Enquirer: 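Before we start, here is the structure in question, set down as structure tokens.
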Amino acid sequence: MIDAKQILSLSDSALAEMQKVAGIALNDELKKVTQMGTESGLSPMMLSYMADIQKNMKFMIGTMNSLHTHVKNRAGEIQNLMQEVSTLK
């Protein structure tokens, strides 16, 4: 049987890690790259690359939030169905 609490726990920890990476690490790195500029020999594509990574991380965080909500909703529905089935027996 699927353990909704375990899935929610895993999604919570994954979501927290993704938010940490997207919110802290990428923003700091993007600021550093912007400050250094292209004079330091960095590829001009680096800024757009970092922005794309940040955008993708935000999309994945949104997907994780949706997954978390979906698991909570379906777990509640399954519990309600299980209660109904148990009363029929």
Side-chain angles (χ1 to χ4, degrees):
M1 179 163 206
I2 297 173
D3 185 5
K5 289 181 183 180
Q6 183 180 13
I7 293 172
L8 289 172
S9 172
L10 291 173
S11 68
D12 283 341
S13 62
L15 183 60
E17 288 180 31
M18 289 176 67
Q19 286 174 332
K20 181 179 176 183
V21 169
I24 297 170
L26 289 178
N27 284 334
D28 290 345
E29 290 301 316
L30 190 57
K31 286 177 189 174
K32 287 178 189 176
V33 170
T34 304
Q35 290 171 352
M36 289 171 35
T38 56
E39 309 88 46
S40 62
L42 289 175
S43 169
M45 295 299 294
M46 184 61 109
L47 291 175
S48 65
Y49 177 71
M50 293 293 286
D52 285 345
I53 290 173
Q54 191 172 28
K55 183 177 78 171
N56 289 338
M57 290 296 292
K58 288 179 181 178
F59 175 77
M60 290 190 317
I61 289 170
T63 302
M64 288 295 296
N65 282 329
S66 296
L67 174 66
H68 191 267
T69 301
H70 180 73
V71 168
K72 284 170 67 173
N73 291 341
R74 297 304 81 78
E77 289 174 3
I78 290 171
Q79 284 180 342
N80 290 340
L81 287 173
M82 293 295 282
Q83 286 176 353
E84 287 181 25
V85 168
S86 67
T87 59
L88 294 175
K89 288 183 178 181

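Keep in mind it's a predicted model, so treat the numbers as computed, not measured.
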Enquirer: Could you state the interatomic distance from OG1 (Thr87) to CE (Met82), rounded to the nearest 0.5 Å?
Expert: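 Separation between the atoms: 11.5 Å.
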
Enquirer: Tell me every residue that passes side-chain hydrogen bond (donor to acceptor under 3.5 Å, both in side chains) with Gln83, counting only those two or more places apart in sequence or in another chain.
Expert: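 Applying side-chain hydrogen bond (donor to acceptor under 3.5 Å, both in side chains) to Gln83 gives none.
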
Enquirer: To the nearest 0.5 Å, what is the distance between CG on Leu81 and CZ on Arg74?
Expert: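 The CZ atom of Arg74 is 11.0 Å from CG of Leu81, to the nearest 0.5 Å.
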
Enquirer: Could I get the full list of side-chain contact (heavy atoms from CB on, under 4.5 Å) partners for Asn65, not counting sequence neighbours?
Expert: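 Expected list: Leu15, Ile61.
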
